[in-house]
Structures are given as C-alpha cells and as structure tokens.
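By convention in this document, chain letters (A, B, ...) are assigned in the order of the sequence lines, proteins followed by strands, and residues within each chain are numbered from 1. FYI, side chains are in, hydrogens and waters are out, and symmetry mates aren't considered; it's all heavy atoms of this structure.
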Number of protein chains: 2
Amino acid sequence: MPPAPWRIIRGDALTVLPTLPAASVDAVITDPPYNSGGRTSSDRRNQSALTKYVSPQSRHAPDAHALGDFAGDNRDQRSYTAWLSMLLAESLRVARIGASCLVFSDWRQLAATSDALQAGGWTWRGIIPWHKPISRPIANGFRQECEYVLWGSNGDPTKHPETIYLPGWLEGSQPRGKSRVHITQKPLDVMRALVRICPPGGHVLDPCAGSGTTGVAALAEGRTWTGIEITEHYANVARGRFDLGA
Amino acid sequence: MPPAPWRIIRGDALTVLPTLPAASVDAVITDPPYNSGGRTSSDRRNQSALTKYVSPQSRHAPDAHALGDFAGDNRDQRSYTAWLSMLLAESLRVARIGASCLVFSDWRQLAATSDALQAGGWTWRGIIPWHKPISRPIANGFRQECEYVLWGSNGDPTKHPETIYLPGWLEGSQPRGKSRVHITQKPLDVMRALVRICPPGGHVLDPCAGSGTTGVAALAEGRTWTGIEITEHYANVARGRFDLGA
DNA sequence: CCTCTCGATGAATCCATCT
DNA sequence: AAGATGGATTCATCGAGAG
C-alpha cells in the first residue's frame, strides 16, 4: 500500500517540526496568524482573532456562522518576528535543497515577515500580491485590498522536469456560504496556483494548516501534503475535507 | 499674476529640501532610484542604471531611444535606507500636518523603504501594488510583475472637503514609443490616481522628479507641483513637458 | 436557462465617549 | 491624559432568489 497522500499532525509547529526528518519536503507553504488587526496594541494582544477579523454584524447576525477561533494571534511585533523566524528556520531543516517557501502576510507584517524568512535561512526571491476584490473602502485613503505571499528558496530553486511559468499576482475572493469553514480561509484557486511551485509529485508542508486548503490544493495539483495544526477544532475540520474528497 | 502651478528646481534633494519653507506642501509623492536590480551587490553598485534596467536589445537597437542615464542608483542597501530616511525626514518637515507621502519601491527594497518611511517620522498606512502587465516570465518561478507604492502620513491624514475613496490596486504599462522619456517612467493614469491623495487645489512635492510625470498628473488633477531633479538632462525634459502642455 | 434585483460581507478604519 | 470600547461608515463583489 502506498503512503497516504496527506497527513495532519495535531500540535504546536515549533514542537512538531523537530520530529520531522531533515530534507524530506519539496515546498513549505503556510499562512501564519498575522498578529495584526485590531485598533490598539492592546486589542492585538488581548482580543480574539474572531473579534478582530469578523465584522460585528456578521458575528451578531441571527444566523451567525459558527466559525471557530484560531490560536497564536496575540503576539507583539517583535515576538512575531522571533516566533516566525524560529518556525521558518525549523522548516528549512525539513526542506530539501532547492525547495521553495511561501508565506502569507498582510501589509503591516510584510517587512517583519521578510526579515523572518531571511533570518530563518531562506533566500528571498520575491513577492506575489493576492488581490481581494471584496474589501472595505477607506475614506480619504487607499483601500487595503491585497495580502502578500513572500517567496523564498533553500539555495537555488529546483528546476522542474517540465519548465513552468507561474503568475506574479493572484486574484480571488474568500469563500462564502457553506464552503467557508475558517475565518481567514484562502480561495482554492489561489492555493492551487501557489502549490505548483512544488515539483509535480513532490511533498508540501504546511506548519500552520488551519482548515487545510493548502492540502486540498496540493492533492488537486498532484502533490502530497503534511499539515501541522495547533487547534483540535481545525485539525478535525481539515480531516473532514479530505475524508469527504476521498 | 498667480504663482506658477509648477516649478522645477535643479539640484540634489538633500541640499534643496532644507531651503524650502516648513509645512508648505500637502503631499510628497516620489519615485526614488531603487538601488536594486543586478544579481550581485557589485552589479548594483558598478553598473549604470541604463545598463541595469534597459535590455541590451533596446539599448543597441538601430532606433534606440535616447534615454538619459539617471543618478543616485549605486548605493548598497544600508546606505539606501540611510539616504532615503534623511530624504523623507526632510520631506516631513516641508509637509503640512495631515499630508500624505507616497514612495515607490520594488520588492527587494520594500522592507528597507518601509523602515525609511517610518525612520523619517511618517506613520505607515499601507501599500498599493502597481501591476505592470508587460513583464518577463521566470522559469520555474513566480513572475515579478508588480512594483509597490508605500503610503505614509504626517499624523492623521487630512479629510478632503468631499470624501474620496481611492483604489488599493493599480494597473498600467510603462509608456512606450515616443512618449517614453525616462528609463523608469510611470504611467500617467497611475500617477493621476495617486496624486488624488492630495486634497484638490493642494501642492504636491516630488524630491526625485525625473521626467516630471508626477507633476503632469498633479496639474491634470487640479493640484500644483514642485519637483526637485538632480540631473540637468531630466530637469530639462520635465520643463519641456510642461511648456508643451502650456 | 439566463438575467436581474436585492441583500449581505470584508485579516478595516474612524470617532466620540468612557475609564 | 492616555488608553480602551462600542457603534457607524463605505462600496465592489457575489450568492440567493425571483422573474
């Protein structure tokens, strides 16, 4: 029997990563909690992600969606850089030479995330903006309608058996309705474009798996996947998405 | 006779800015030399901007455009941060309370530019990606097809008399053919969207004016403009664009 | 089946009020 | 007085339901 194409490990990434074998994955693709949002530094540290990122009318609506909260979104910026640097350094150990690393960030944490990527030992190779057409306007200012994917590599990136050319920007709206299972869920099309940086048949690691969209995308594109997720709730949600698909 | 709606001062920004009166402009919008490009730090420091940013076939074509070189593109990253911090700090002095500052950057210098913006005393407010549809694909990787505009403000941004809502994502190709007068010239539509952050009738300052597209956009949108340009060549090019329009 | 209208929403930000 | 809190604001997009 071949090894399962996907696997979810429930636990803290900084604890689980050291247990994985060195040089065993072909790409690291993850969406860490941004530790941003909120109005004051106190909000960022003390409020839950649900309160920070979901609008009051959604939370209080009669048919409010029952989305779980997520963990690890209460660090100040210095701790965020330190935590993410450690996570990415551990991920580098697990990555093969030539592997790519993709990390999501919002505009506030972009500089800190690029510091962490390089502090973790990855070579910085670029930024892929993700444009979200649904976003609030800002009075007398520029709408904040993008998030950013930072691209790094472990040495020179691996050449694919058949050369591919990937887009330099992505567009997509967050899933709505019953397909929405996470507060900050990424669109499947966006993740499918990103996992293609991993050579076909390769193995993708996501240390902050959430509801597992990276894994769904990886399998859809013919890659295999390991996810690490800290909350029991989302680890179960992710398992459910694969079991349904299988 | 009313004061001229535009003015170009030939000189080094760090020398000229201290001669301008404090709190006299409503927006600072500029595209500094990125000091980026090239694969090695040696390439970045020793090649000319023309060699780094214009492809060999364009430079050597029979009808090669007679683009001037530009100055100040040979700093290493640490010096770039220091230089830009000083330039932006001097610009802050010249800016009124509530003024906005917009600075172009490529992906390599984005973190350094956000550091310089904040070191210069501006409050960081966001990033507006500019998508350039014409760009080179990358084998086995993500195309780099965006540049970035960093947005800062001097305290809380001024409220416009009539509230405006500006886009968080810009699209436009660099001018080609005879309308192209500068190596890194920005599209007029992109600059017109950006100058609207300055309240109508207000005054825009560009300390690295180049061929003066910011000024052309400012006048088109009903703002006035002061540009500072270090090279005699581009100061003259810019003057020519206004004289033609007048 | 396709088009149209209606309504809900967003990793947000602003502002007056309160502690 | 600085920091925390609750409620209001905005529009492009998209899903649902009607015609």
Atom pair distance, as rounded to whole Å: [atom1] in [X] and [atom2] in [N]:
X	N	atom1	atom2	result
A/L50	C/dG10	CG	P	10 Å
A/L110	C/dA11	CG	C1'	14 Å
A/R75	C/dA11	CZ	C1'	16 Å
B/I164	D/dC11	CD1	C1'	15 Å
A/F142	C/dT13	CZ	P	14 Å
A/R136	D/dT13	CZ	P	16 Å
A/Q109	C/dA11	CD	C1'	11 Å
B/Y165	D/dT9	OH	C1'	7 Å

**Request:** Determine, for A/W83 and A/R75, whether the Lys NZ or Arg CZ falls below 6.0 Å from the six-membered ring centre while staying within 45 degrees of the axis.
**Result:** yes
Select one nucleotide: of [options], the one nearest the side-chain heavy atoms of [X].
X	options	result
A/R176	C/dG10, C/dT13, D/dG15	D/dG15
A/F70	D/dC11, C/dT13, C/dA11	C/dA11
B/R125	C/dA12, C/dC14, C/dT9	C/dC14
A/T184	D/dT10, C/dA11, C/dC15	C/dA11
A/I134	C/dT13, D/dA12, C/dA11	D/dA12

Using a cut-off of 4.0 Å on non-hydrogen atoms, how would the nucleic acid contact of [X] be classed: base, sugar-phosphate, or nothing?
X	value
B/K159	sugar-phosphate
A/Q174	sugar-phosphate
A/I138	sugar-phosphate
B/P167	nothing
A/D31	base
B/W169	nothing

Closer than 4.0 Å, any side-chain N/O of [X] to the OP1 or OP2 of [N]?
X	N	result
A/R180	C/dG10	yes
A/R143	D/dT13	no
A/Q144	C/dT13	no
A/K132	C/dA11	yes

**Asked** DNA chain C: A/Y34 or B/P157, which has the more 5' nearest nucleotide?
**Response**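 It is A/Y34, whose closest nucleotide lies nearer the 5' terminus.
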**Prompt:** Parallel under 30°, tilted from 30 to 60°, perpendicular over 60°: which one fits the rings of A/F70 and A/H182?
**Reply:**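 Ring orientation of A/F70 relative to A/H182: parallel.
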**Asked** When the C1' atoms of D/dA8 and C/dT9 are considered, how many whole Å apart are they?
**Response**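 Going atom to atom, C1' in each nucleotide, I get 16 Å.
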**Prompt:** C/dA11 and D/dG6: how far apart are their P atoms, nearest whole angstrom?
**Reply:** 22 Å
**Asked** Are any non-hydrogen side-chain atoms of A/Q109 and A/Q77 less than 4.5 angstrom apart?
**Response**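 Side-chain contact under 4.5 Å: yes.
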**Request:** For B/T163 and for A/S173, find the nucleotide of DNA chain D with the closest heavy atom, then tell me which residue's nucleotide is more 5'.
**Result:** B/T163
**Request:** Could you say whether A/G177 or A/P133 is positioned toward the 5' end of DNA chain D, judged by the nucleotide with the nearest heavy atom to each?
**Result:** A/P133
**Watson-Crick and G-U pairing of DNA chain C, under 3.5 Å, as dot-bracket with | and [ ]** = .|||||||||.||||||||
**Request:** Kindly say whether A/T51 contributes a backbone atom to a donor-acceptor pair with the side chain of A/S48 at under 3.5 angstrom?
**Result:** yes
**Prompt:** Do any N or O atoms from the side chain of A/E221 and from the backbone of A/A217 form a donor-acceptor pair under 3.5 angstrom?
**Reply:**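 Answer holds: no.
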**Item:** Sole candidate of A/D73, A/D69, A/T184 that passes side chain to side chain donor-acceptor pair (under 3.5 Å) when paired with A/Y53
**Value:**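 Only one option passes, and that is A/D73.
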**Prompt:** Taking all atoms of both residues into account, what is the closest heavy-atom pair of A/L194 and A/L102, and its distance?
**Reply:**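 For A/L194 and A/L102, the tightest heavy-atom pair comes out as O-CD1, 3.6 Å.
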**Prompt:** For the base of C/dA12, is there a side-chain donor-acceptor partner from A/D106 under 3.5 Å away?
**Reply:**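 Such a pair does not exist between side chain and base.
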**Prompt:** Are a donor atom and an acceptor atom from the side chains of B/W225 and B/T214 found within less than 3.5 Å of each other?
**Reply:**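 Judged by distance alone, the side chains do not pair up.
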**Prompt:** If you round to the nearest 0.5 Å, how far is CG of A/N154 from SG of A/C101?
**Reply:**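 These two atoms lie 9.5 Å from each other.
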